[in-house]
There are 2 protein chains.
Amino acid sequence: MVRAASIKDVANQAGVAVGTVSNVLNYPDRVSSTTRDRVLAAIAELGFVRNDAARQLRAGRSRTMGMIVLDAGNPFFSSVARAAEEAAARAGSAVLLGNSSHDPRRERHYIELFEEQRMQGILISPTGDVSARLAAAEAAGLKIVLVDAPSDGQRFSSVAVDNAAGGYVAVRHLLDAGRRRIAFVGGNATLRQVQDRLAGARRAVAEVPGATLEVLTAADLTVLGGRGVGDDLRRRTPGTAPDALFCANDLLALGVIQSLAMLGGLRIPEDIALIGYDDIDFAASAVVPLSSIRQPAELIGRTAVELLLEQTADEPPAPRSVVFTPELVARASTGH
Amino acid sequence: MVRAASIKDVANQAGVAVGTVSNVLNYPDRVSSTTRDRVLAAIAELGFVRNDAARQLRAGRSRTMGMIVLDAGNPFFSSVARAAEEAAARAGSAVLLGNSSHDPRRERHYIELFEEQRMQGILISPTGDVSARLAAAEAAGLKIVLVDAPSDGQRFSSVAVDNAAGGYVAVRHLLDAGRRRIAFVGGNATLRQVQDRLAGARRAVAEVPGATLEVLTAADLTVLGGRGVGDDLRRRTPGTAPDALFCANDLLALGVIQSLAMLGGLRIPEDIALIGYDDIDFAASAVVPLSSIRQPAELIGRTAVELLLEQTADEPPAPRSVVFTPELVARASTGH
DNA sequence: TCGACACAATGAAACGATTCAACTCGAGAG
DNA sequence: CTCTCGAGTTGAATCGTTTCATTGTGTCGA
């Protein structure tokens with residue numbers, strides 16, 4: 001096969017004009033059934049597949065949307081992505097996924113890729129402050145929806161979960177269990193979600209006299225990063241370690257559990273209580289079942305697609321921000 | 001903004017011909033530095049972004065490749081995908097991800113999407129027998145690499161892990177621990193990987209007189225599916241349950257652990273030993289640290305991209321099949 | 001002074017689909 | 001028999017880029 005069949009080849013084969021073939025593909029009712037059958041037969045015979053680049057060039061825009069997630073390996077994001085794909089498929093659209101891995105360079109790379117491809121829009125969980133870059137993409141006609149991030153001054157639609165509330169609930173839960181020397185385990189400090197969870201945590205601690213909040217930094221927001229923090233804690237002199245840990249996500253918390261519970265030293269929850277964030281499927285099956293803050297991942301993904309499709313209308317409404325409320329799930333790691 | 005800036009607008013702005021702008025973008029050395037600077041200034045001023053659809057239309061093919069995975073929520077696949085993305089980025093290419101979720105319809109949808117987009121190629125973990133569909137895509141010029149699946153008669157390049165060997169090693173390990181009433185927990189029976197792991201398991205059982213192999217079916221290859229199997233086992237009359245379980249993947253095994261160890265009844269590994277497959281990060285931090293069969297996910301992803309790039313050469317070599325060997329990781333769930 | 005040569009820059013053609021004004025052809029009305 | 005109408009079909013123009021043969025310009029050697 002030297003060259004893929006084009007619409008022109010189909011037209012020749014069927015003995016009709018190219019415009020007619022195009023009509024068969026896009027407006028079947030405009031074509032008489034005999035002609036239509038002849039064209040469809042030619043298409044089947046030649047194995048013709050429409051060239052989306054050409055269609056897009058003429059149409060000015062693609063029908064697919066791009067999604068950029070912070071960590072495709074995090075079950076929370078894969079749930080969000082999956083729900084988004086399904087919602088898009090139902091609407092006759094498609095989602096293609098890029099994984100920034102918290103790396104602004106890779107994120108930028110995907111934004112540019114999507115912009116070059118003139119995608120319908122971008123669903124993005126930003127690594128940090130990319131609003132300038134996104135504004136440029138929007139100026140080029142892409143619709144932007146921020147996912148799991150608050151709207152940037154109503155410029156873009158967004159779907160988020162109230163991270164400050166989540167952080168507050170998590171630490172409040174630890175305080176209610178009688179813990180006072182709380183530590184927050186975060187990673188990349190520039191990440192908005194993490195900042196907000198920390199802010200909520202601070203607010204909860206401030207309400208209880210005598211309670212303190214220490215901030216620990218993990219290498220990254222992964223199981224491995226959490227294991228590192230756990231290793232550090234085990235090396236502390238007894239009594240100086242916190243009596244409760246609030247981890248910025250479940251992966252971190254699972255890493256801490258791996259380090260503490262398996263390699264010995266501190267016991268969970270007796271010596272140190274632990275709560276994570278996201279309530280991923282693995283949280284319930286950890287060595288010590290992990291308390292967590294549940295976020296409605298599917299709902300987030302679905303809503304993100306809806307917000308984007310809303311913006312693709314001829315007269316798009318003003319950008320909207322949807323905020324969900326997270327929910328405490330108490331398990332053994334905090335004494336339940 | 002009515003319309004995104006085109007190369008023609010840039011040419012006007014800079015006072016040069018469109019061909020020159022194109023040269024600045026693609027062959028900067030062909031252009032004098034003064035002209036180049038002028039063009040670059042115009043590009044910056046207009047916020048010009050190359051329209052990839054037009055470029056592709058002219059070039060005949062995209063520079064990005066599509067990847068279709070069976071389950072983006074499975075950490076094994078997300079590791080593979082991530083490694084592939086990185087390898088592609090290093091080669092100046094990009095990977096966009098689609099998630100078939102074991103659904104042949106969604107898989108087909110993505111294949112067609114990639115074909116319409118005239119992607120460079122497709123990296124795919126097929127759900128079942130899609131070789132006819134893939135052959136059509138190949139005839140249209142896409143390069144195909146089968147990922148985590150054996151080659152289909154050398155027609156396509158492929159990168160796989162010897163699943164039969166993995167299944168054999170897993171069950172051999174259970175037998176060596178003195179277990180005799182083995183059960184295999186699989187899901188979708190049409191999945192080649194699962195079939196092969198079962199075949200390896202059968203071979204190991206056949207070598208030991210008195211050993212038996214029962215096959216249990218999970219609703220799907222997820223944590224939830226495993227939990228269902230665990231619930232069934234707990235309801236069996238004592239003594240009729242198997243004394244060892246080989247799960248087709250770690251998600252299943254973790255689900256079984258959730259059901260058995262947490263809700264009580266059978267103890268792991270005393271009453272029932274357990275081994276999974278993939279050795280995902282969460283395996284080590286389970287309630288009972290999970291023995292597993294490790295697959296080199298990063299290596300698989302990287303190799304897949306290499307095989308694809310190999311095929312994009314002007315004179316592509318014959319398709320190659322790379323097969324890796326899995327490795328036993330023994331932990332507490334089998335008595336270590 | 002002229003020709004040869006390299007280097008820059010030009011601009012028309014091509015890629016494959018969609019769009020749309022124009023055309024054809026019967027059927028039905030007058 | 002002519003006119004109108006509308007359904008069906010046609011094919012040229014268009015989208016934004018790349019390619020490449022052609023033209024223009026300046027330098028150098030003879």
Side-chain angles (χ1 to χ4, degrees), chain A residues 1-40 42-43 46-64 112-113 115-119 140-141, chain B residues 1-40 42-43 46-64 112-113 115-119 140-141:
Chain A
M1 161 96 34
V2 178
R3 194 176 54 85
S6 81
I7 208 175
K8 209 180 289 179
D9 302 322
V10 174
N12 282 339
Q13 175 85 10
V16 298
V18 291
T20 303
V21 177
S22 175
N23 281 333
V24 169
L25 293 172
N26 300 295
Y27 309 95
D29 329 336
R30 290 191 193 163
V31 181
S32 74
S33 63
T34 59
T35 313
R36 187 164 55 226
D37 291 348
R38 208 141 37 91
V39 171
L40 290 176
I43 286 177
L46 298 175
F48 166 78
V49 176
R50 196 207 251 108
N51 184 331
D52 198 51
R55 173 228 274 271
Q56 222 183 97
L57 175 57
R58 187 63 239 250
R61 190 143 306 283
S62 154
R63 292 160 308 130
T64 58
E112 280 164 10
L113 184 66
E115 208 174 331
E116 290 190 356
Q117 304 214 358
R118 300 292 192 272
M119 292 254 186
Chain B
M1 161 92 35
V2 178
R3 197 175 51 84
S6 81
I7 209 175
K8 209 180 289 179
D9 302 322
V10 174
N12 282 339
Q13 174 85 10
V16 299
V18 291
T20 304
V21 177
S22 175
N23 281 333
V24 169
L25 293 172
N26 300 295
Y27 309 95
D29 328 335
R30 289 193 193 162
V31 181
S32 74
S33 63
T34 59
T35 313
R36 187 165 55 225
D37 291 347
R38 208 141 39 91
V39 171
L40 290 175
I43 286 176
L46 297 175
F48 166 79
V49 176
R50 194 206 253 112
N51 184 330
D52 197 51
R55 174 227 273 270
Q56 221 184 101
L57 174 58
R58 185 64 238 241
R61 193 144 303 285
S62 156
R63 291 160 310 131
T64 57
E112 280 165 9
L113 183 66
E115 209 174 329
E116 289 192 356
Q117 304 214 359
R118 300 291 193 274
M119 292 256 184

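The shown structure was predicted, so the numbers you read here are calculated from the model rather than taken from an experiment. We use all heavy atoms of the structure for the numbers below, so side chains are in, but hydrogens, waters and symmetry mates are not. Here is the naming used below: chain letters follow the sequence lines, and residue numbers restart at 1 for every chain.
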Q: To the nearest Å, give me how far apart CD (A:Q56) and P (C:dT19) are.
A: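 It works out to 14 Å between those atoms.
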Q: Could you give the CG-to-P distance, from B:N51 to C:dG16, as a whole number of Å?
A: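 Rounded to whole Å, this separation is 16 Å.
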Q: Kindly give the heavy-atom pair with the smallest separation between B:Q56 and A:A53, and that separation in Å.
A: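 Residues B:Q56 and A:A53, closest heavy atoms: OE1-CB, 3.7 Å.
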Q: With a 3.5 Å cut-off and heavy atoms only, can you find an N or O donor on one side and an acceptor on the other between the side chain of A:R50 and the base of C:dA17?
A: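 Under the 3.5 Å cut-off, the side chain and the base do not form any donor-acceptor pair.
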Q: I want to confirm an ordering. Mapping B:R36 and B:R118 to their closest nucleotides on DNA chain C, which one lands closer to the 5' end?
A: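 Mapping each residue to its closest nucleotide by heavy atoms, the 5'-most match is B:R36.
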Q: If you fit an axis to the five pairs at each end of the helix from C:dT1-D:dA30 to C:dG30-D:dC1, how big is the angle between those two axes, to 10 degrees?
A: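 What I find for the helix from C:dT1-D:dA30 to C:dG30-D:dC1 is an axis angle of 60°.
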Q: Extract, from 5' to 3' on DNA chain D, the first and final nucleotides lying under 4.0 angstrom from some heavy atom of chain B.
A: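 Using the under 4.0 Å cut-off, the span is D:dG16 to D:dT19.
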Q: May I ask you to say what B:V21 touches in the nucleic acid, namely base, sugar-phosphate or nothing, with a heavy-atom cut-off under 4.0 Å?
A: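 The answer is nothing, as B:V21 stays clear of every strand by at least 4.0 Å.
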Q: Of the non-hydrogen atoms in B:L25 and B:F48, which two are nearest, and what is the gap between them?
A: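 B:L25 and B:F48 have their closest heavy atoms at CD1-CE2, 3.9 Å.
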Q: Without decimals, in angstroms, what is the distance between B:Y27 OH and C:dA8 C1'?
A: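 Nearest whole value for this atom pair: 16 Å.
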Q: Calculate, to the nearest 0.5 Å, the distance between atoms CG and OG belonging to B:D52 and A:S62 respectively.
A: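 Between B:D52 CG and A:S62 OG, I get 11.0 Å after rounding to 0.5 Å.
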Q: Whole Å only: how far is the CZ atom of A:R58 from the P atom of C:dC15?
A: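 Rounded to whole Å, this separation is 18 Å.
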Q: I need the minimum non-hydrogen distance between A:I7 and A:V18, along with the two atoms involved.
A: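 For A:I7 versus A:V18, the nearest heavy atoms are CD1-O, 4.1 Å.
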Q: Quick check on DNA chain D: between A:R30 and A:G19, whose nearest nucleotide comes earlier from the 5' end?
A: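 It is A:R30 whose nearest nucleotide is closer to the 5' end.
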Q: Taking all heavy atoms of A:R38 and all of A:G15, pick out the closest pair and write down the distance.
A: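 It is NH1-O, 4.2 Å.
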Q: Here's a test of your reading of the structure: between A:L25 and B:R38, which maps to the more 5' nucleotide of DNA chain C?
A: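 In this pair, the answer is B:R38.
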Q: Return the minimal non-hydrogen interatomic distance between B:A14 and B:V39, and the atom names on each side.
A: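 That closest heavy-atom pairing would be CB-CA, 4.0 Å.
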Q: Any sub-3.5 Å donor-acceptor pair from A:N12's side-chain atoms to A:D9's backbone N or O?
A: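 Between the backbone of A:D9 and the side chain of A:N12 there is no qualifying donor-acceptor contact (under 3.5 Å).
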Q: Whole angstroms only, please: what is the CG-C1' distance between B:N23 and C:dA8?
A: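 The answer, rounded to whole Å, is 9 Å.
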Q: Testing the basics here: between B:R118 and A:V49, what is the closest heavy-atom pair and its distance to 0.1 Å?
A: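 Reported closest heavy-atom pair: NH2-O, 2.8 Å.
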Q: From B:L46 CG over to B:I43 CD1, what is the distance, rounded to the nearest 0.5 angstrom?
A: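 Here the interatomic distance stands at 9.0 Å.
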Q: Just checking A:S22: base, sugar-phosphate only, or nothing, at a heavy-atom cut-off of under 4.0 Å?
A: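 Base: the residue A:S22, judged by heavy atoms under 4.0 Å, touches a nucleobase.
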Q: Side chain of B:V18, heavy atoms from C-beta onward: which of C:dA8, C:dG11, C:dT19 has the nearest atom to it?
A: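 My answer, after comparing the listed nucleotides, is C:dG11.
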Q: I want to check one thing: is the phosphate of C:dA9, taken as OP1 and OP2, less than 4.0 Å away from some side-chain N or O of B:T20?
A: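 So the side-chain polar atoms of B:T20 never come under 4.0 Å of the phosphate oxygens OP1 or OP2 of C:dA9.
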Q: For the pair made of CG in A:L57 and P in C:dG16, what is the distance, rounded to whole Å?
A: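 Roughly 12 Å, once rounded to whole Å.
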Q: Could you state the interatomic distance from CE (B:M119) to CZ (B:R61), rounded to the nearest 0.5 Å?
A: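 Output value for this atom pair is 11.0 Å.
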Q: Describe the nucleic acid contact of A:N26 in one word from base, sugar-phosphate, nothing, applying a heavy-atom distance below 4.0 Å.
A: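 Sugar-phosphate only.
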